[in-house]
Amino acid sequence: MIQLQNIEYTYPEGTKGLEAVSLQIEQGSRVAFLGENGAGKSSLFLVLNGIHKPQKGKYVLDGKQFGFSTKERKQMAHKVGYVFQDPEVQLFAASVYEDVAFGPFNLDLDRKDIEIRVEKYLNLLRIQELKDKAPHQLSYGQKKQVAVAGVLAMEPEIILFDEPFAWLDNRHKQIMNEIIDDLNKQAKTVLISTHNPDFAYEWADQVILMKEGRIIAAGSPEKIMSNRVLMQEIGMELPLVVQFTKKVGMNKHSRSIQSLLREI
Ligand SMILES: Nc1ncnc2c1ncn2[C@@H]1O[C@H](COP(=O)(O)OP(=O)(O)OP(=O)(O)O)[C@@H](O)[C@H]1O
Ligand SMILES: [Mg+2]
């Protein structure tokens, strides 16, 4: 379980990234973070994965307080995987293969096991054909897929996806969806920041709304995302399925237009 209490994070040049952030996330849950550009979603993920050390507050993971020492941060990077919003920040090795191998290599696995892991995750993302390419030879969407493979290859318990669907075509969005579903089936905790209300409504079991570095609401998608006032606060439309059922006065609680179409 992840617990944050009163986290405050200010960037070195003085911008406040997070203010009084408290939350609780159970193991195995699916949590969507919603909020406008600059609301603090990525800043929060950077704290959760140990990259940003908050100036104030407490971070407790599975009952143990996280102190942000170099050693603890290293362990944290293995436990909490972070797929950056911008894959260009994440990729650094000379080839896709080496990039995906970097995490497992740092887990002190032997050579054979590293190879098995890399193959497994290149296959999972359906990007085997890219393995000898240099990251700069890839399209932006392909870079994102490589970044995802690299994080998953460490087999972390908690995965933070910052805008995982941005730049992906339909086929790869579908693949991402399947991967995310599979992670939850393995009881992993998945946190996703997104600007897509329909995805959040359908997928999440908890949504967290952020504004100006603070959490302004948290709860089930049904409760939070059908509240016009709250959604306006973060400049987001209500999910289409909610708009539709409200408009026609329907008493259905489908989580997506697709499932509503199946029901009626
Ligand atoms: N490296 C940085 N240095 C200084 N300020 C930063 C830095 N990164 C983010 N910020 C500031 O911190 C605040 C929160 O930004 P953050 O990137 O967490 O927002 P976000 O919710 O992820 O937005 P987006 O939807 O655009 O990804 C913003 O005011 C932003 O300008
Ligand atoms: Mg962001």
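In listed order, ligands and their atoms are each counted from 1.
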For the Mg ion (ligand 2), how many protein N, O or S atoms lie at less than 2.8 Å?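 Those protein atoms number 2 in total.
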If we ignore hydrogens and angles and just use 3.5 Å, is the side chain of Asp99 paired with the main-chain N or O of Phe92 as donor and acceptor? yes
Taking Lys144 for the side chain and Glu163 for the main chain, is one N or O donor matched with an acceptor at less than 3.5 Å? yes
Cut-off 3.5 Å, no hydrogens considered: what does the side-chain donor-acceptor table look like for residues 30-37, sequence neighbours left out?
residue : atom : partner : partner atom : Å
Arg30   : NH1  : Trp203  : O            : 3.3
Arg30   : NH2  : Asp181  : OD1          : 3.1

Given Asp162 and Val83, is the side chain to side chain contact (heavy atoms under 4.5 Å, CB included) satisfied, shown in steps? CA-CA 6 Å; Asp162 216 338; Val83 182; over 6 Å; no
For the pair Glu178 and Arg126, find out whether any cationic side-chain nitrogen is under 4.0 Å from an anionic carboxylate oxygen.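 Salt bridge present between Glu178 and Arg126.
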Neighbouring residues of ligand 1, heavy-atom cut-off under 4.0 Å: Tyr11, Glu13, Thr15, Gly17, Glu36, Asn37, Gly38, Ala39, Gly40, Lys41, Ser42, Ser43, Gln85, His195
Which class fits the ring pair Phe68 and Tyr59: parallel under 30°, tilted 30 to 60°, perpendicular over 60°? tilted
Only pairs under 3.5 Å count here: list side-chain donor-acceptor contacts from residues 209-222, not counting sequence neighbours, and write none if there are none.
residue : atom : partner : partner atom : Å
Lys211  : NZ   : Glu233  : O            : 3.3
Lys211  : NZ   : Glu233  : OE1          : 3.4
Arg214  : NH2  : Glu19   : OE2          : 3.1
Ser220  : OG   : Lys223  : N            : 3.2
Glu222  : OE2  : Arg255  : NH1          : 3.2

Just wondering, are more than 12 heavy atoms of other shown residues or ligands nearer than 6.0 Å to CD in Gln27?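 No, not enclosed.
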List the steps and the verdict of side chain to side chain contact (heavy atoms under 4.5 Å, CB included) for Tyr121 and Glu155. CA-CA 10 Å; Tyr121 288 96; Glu155 305 195 336; 2.6 Å; yes
